[in-house]
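Beneath this line is the structure, given in structure tokens, with notes to follow.
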Amino acid sequence: KITLSQTGTYQIRSIATSFKASEPIELKVLPQGKKIASVSWDSKSEPKYFKSGDRILNDGKNAEISFHSEGWTGSNEPFRLTLKMEDEIQIDSLLIGTLFNPSAWIYPSASIKLLVQKVNGVSTEKEFEIKVAGEMNEQRHKYVTLNLNETAERIQMEFLPNELPEQHPGAGTPSWIFLDELIIY
């Protein structure tokens with residue numbers, strides 16, 4: 001067991017005396033985010049990959065790399081989440097933990113519409129495109145940062161998966177999006 005308490009990016013490899021060292025893996029230790037009081041799934045039906053529900057999206061634990069692990073929520077259909085803070089807070093950015101595994105058609109590429117709601121009832125709409133790039137045989141936990149610079153009590157997030165890219169064997173079908181952590185700074 002390894003415990004890392006300093007923020008930063010670490011390269012780790014395993015070494016056994018009679019074997020070659022493994023390929024290095026990268027591990028990011030992120031600073032503590034601001035408190036999210038609750039995360040709720042607002043879509044009509046839960047996705048096929050919803051093993052641990054909403055709570056895994058802000059439990060402070062990275063999911064294992066396999067999409068079969070409990071730490072991921074995944075869908076290839078449009079879905080909506082709502083983040084609620086205890087009070088209105090300044091939000092500089094929202095960090096989204098995603099899984100990247102193109103060989104399993106998990107290709108975080110989507111349009112995201114945000115409705116940022118303040119205590120006084122005023123709302124702001126923002127739109128983002130996310131597209132994580134990499135090699136077809138890669139399997140990684142990647143982070144996407146959305147710069148908000150807003151004060152908010154609640155954020156409604158609507159994810160609209162894009163189609164898999166032309167070079168992918170499943171081109172033209174919706175990509176799967178797997179989410180892990182949602183962190184506010």
I'd like to know if the side chain of [X] reaches the main chain of [Y], judged simply by a donor and an acceptor atom lying under 3.5 Å from each other, with no hydrogens or angles considered.
X	Y	value
Glu88	Val119	yes
Trp105	Pro174	no
Ser175	Tyr107	yes
Ser43	Arg80	yes
His141	Ile65	no

I need the minimum non-hydrogen distance between [X] and [Y], along with the two atoms involved.
X	Y	result
Gly97	Tyr143	CA-CD2, 3.7 Å
Thr151	Val116	O-CG1, 4.1 Å
Gln117	Ser123	CG-OG, 3.5 Å
Met157	Leu83	SD-CD1, 3.9 Å
Pro108	Ile177	CA-CG1, 4.5 Å
Ile56	Glu70	CG2-O, 4.0 Å

Decide yes or no for [X] and [Y]: does some side-chain heavy atom of the first lie under 4.5 Å from some side-chain heavy atom of the second?
X	Y	answer
Tyr185	Leu95	yes
Glu77	Phe159	no
Leu160	Lys113	yes
Leu114	Phe128	yes
Phe100	Glu138	yes
Ile36	Glu86	no
Leu57	Asp180	no
Ile91	Lys34	no

Test log, rule side chain to side chain contact (heavy atoms under 4.5 Å, CB included), inputs Trp72 and Leu99: CA-CA 8 Å; Trp72 294 105; Leu99 180 60; 3.6 Å; yes

What distance separates [X] [atom1] from [Y] [atom2], expressed to the nearest 0.5 Å?
X	Y	atom1	atom2	answer
Asn162	Asn76	CG	CG	12.5 Å
Leu146	Leu94	CG	CG	5.0 Å
Ser103	Glu135	OG	CD	12.0 Å
Leu115	Glu127	CG	CD	11.5 Å
Asp42	Phe79	CG	CZ	11.5 Å
Lys35	Asp87	NZ	CG	11.5 Å

Looking at [X], I want to see if its [atom1] is surrounded by more than 12 non-hydrogen atoms of other residues, nucleotides or ligands under 6.0 Å.
X	atom1	result
Glu125	CD	no
Lys84	NZ	no
Gln167	CD	yes

Is there a chain of hydrophobic side chains (I, L, V, M, F, W, Y, each step under 4.5 Å between heavy atoms) that links [X] to [Y]?
X	Y	value
Val39	Ile112	yes
Ile183	Met85	no
Leu81	Phe50	yes

Intermediate values then yes/no, side chain to side chain contact (heavy atoms under 4.5 Å, CB included), Asp92 and Ile184: CA-CA 8 Å; Asp92 297 320; Ile184 290 178; over 6 Å; no

Residue pair Glu150, Lys118: steps toward the salt bridge (charged side-chain N to carboxylate O under 4.0 Å, His left out) verdict: CA-CA 9 Å; Glu150 293 279 350; Lys118 300 177 189 271; 3.7 Å; yes

Trp176 ring center near Phe67 ring center (under 6.0 Å): no

